[in-house]
Amino acid sequence: VQLQAFGGGLVHAGGSLRLSCAASGRTFRTYDMGWFRQGPGKERDFVAAISWSGGTTYYEDSVKGRFTVSRDNAKKMVYLQMNSLKPEDTAVYYCAADPRGSYSNAQDYNYWGQGTQVTVSS
């Protein structure tokens, strides 16, 4: 599967952005999906994940209540709605597919898209 993330940009603190991840490949609908982010000089950290059916979602503690992950298998799309953005959310955001182990461990994912930059100004 090939993934392409887009929708990043510059936003003021308190604002919102919706990231999208477009996937190709027939098996997309069978894959759990994840969103990660990597700030300058930092590790690539887990943000959110969603099961193949969309029925189960997971969030990193700092984004709970602010971010929402969703998917549309018919369109082969995964979304990350980000509300109440904070300067500390500034990072390059990546979508990933097919975790073979922990959904929150970047090393367990088999497929990655290129990142999209999110910058939140104070």
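If you're wondering where the values come from, they're calculated on a predicted model, not measured in any experiment.
- Applying the side chain to side chain contact (heavy atoms under 4.5 Å, CB included) rule to Ser62 yields the partners Arg37, Glu60; only residues at least two apart in sequence or on another chain are considered.
- Note that OG of Ser51 is 7.0 Å distant from CZ of Arg71, once rounded to the nearest 0.5 Å.
- The heavy-atom pair separating Tyr94 from Gly113 by the smallest distance is CD2-O, 3.5 Å.
- Residue Phe46 holds its CZ atom at 11.0 Å from CG of Asn105, rounded to the nearest 0.5 Å.
- Pairing each heavy atom of Thr116 with each of Gly7, the nearest pair is OG1-N, 3.9 Å.
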Side chain to side chain contact (heavy atoms under 4.5 Å, CB included) evaluation trace for Thr90 with Gln117
CA-CA 8 Å; Thr90 294; Gln117 176 71 48; 4.0 Å; yes
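- Between Tyr31 and the choices Trp52, Tyr109, Tyr111, the ring pair (Phe, Tyr, Trp, His ring centres under 6.0 Å) rule is met once, by Tyr111.
- Figure legend: Arg18 and Tyr79 shown as a cation-pi pair, the cationic atom lying under 6.0 angstrom from the six-membered ring centre and within 45 degrees of its axis.
- Between Val69 and Val78, some side-chain heavy-atom pair lies under the 4.5 Å cut-off.
- Summarising the geometry of Ser24 relative to Val1, their closest heavy-atom pair is O-CG2, 2.6 Å, with the distance given to 0.1 Å.
- The structure places CE of Met33 at 14.5 Å from OG1 of Thr57, a figure rounded to the nearest 0.5 Å.
- Less than 6.0 angstrom separates the ring centroid of Tyr58 from the ring centroid of Tyr103.
- Gln4 contributes no side-chain N or O that, together with a main-chain N or O of Gln114, makes up a donor-acceptor pair within less than 3.5 Å.
- A side-chain N or O of Ser16 and one of Asn83 form a donor-acceptor pair less than 3.5 Å apart.
- Cluster annotation: Leu17 is not connected to Phe36 through the hydrophobic network of ILVMFWY side chains, with a link wherever side-chain heavy atoms come within less than 4.5 Å.
- Other residues, nucleotides and ligands place no more than 12 heavy atoms under 6.0 Å from the CD atom of Gln2.
- Centroid-to-centroid, the aromatic rings of Trp35 and Phe67 stay 6.0 Å apart or farther.
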Intermediate values then yes/no, side chain to side chain contact (heavy atoms under 4.5 Å, CB included), Met82 and Val118
CA-CA 10 Å; Met82 305 186 296; Val118 171; 3.8 Å; yes
For a side chain to side chain contact (heavy atoms under 4.5 Å, CB included) check, start with the C-alpha distance between Leu19 and Phe6, then their side-chain angles and the critical distance, and finish with the verdict.
CA-CA 6 Å; Leu19 304 184; Phe6 56 95; over 6 Å; no
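- Ion pairing between a basic and an acidic side chain is recognised when a charged N comes within 4.0 Å of a carboxylate O; Lys86 and Asp89 show no such pairing.
- With a 6.0 Å cutoff to the six-membered ring centre and a 45° limit on the axis angle, Arg66 does not count as a cation-pi contact of Tyr59.
- Between Thr56 atom OG1 and Ile50 atom CD1 the span is 8.5 Å, to the nearest 0.5 Å.
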Are Met77 and Ser20 close enough, and set up right, to give a side chain to side chain contact (heavy atoms under 4.5 Å, CB included), and what steps lead you there?
CA-CA 7 Å; Met77 295 290 293; Ser20 300; 3.6 Å; yes
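- Remark: Arg100 engages Asp98 in a salt bridge (Lys or Arg N to Asp or Glu O under 4.0 Å) (not counting sequence neighbours).
- Of all non-hydrogen atoms in Ala106 and Trp112, the two that sit nearest each other are O-CZ2, 3.3 Å.
- For Ala91 against Gly39, the heavy-atom pair with the smallest separation is CB-N, 3.8 Å.
- Atom CD of Glu88 and atom OG of Ser122 lie 10.0 Å apart (nearest 0.5 Å).
- In this structure, Ala97 and Leu3 approach most closely via the heavy-atom pair N-CD1, 3.7 Å.
- If you take OG1 on Thr27 and NZ on Lys76, they are separated by 8.5 Å, rounding to the nearest 0.5 Å.
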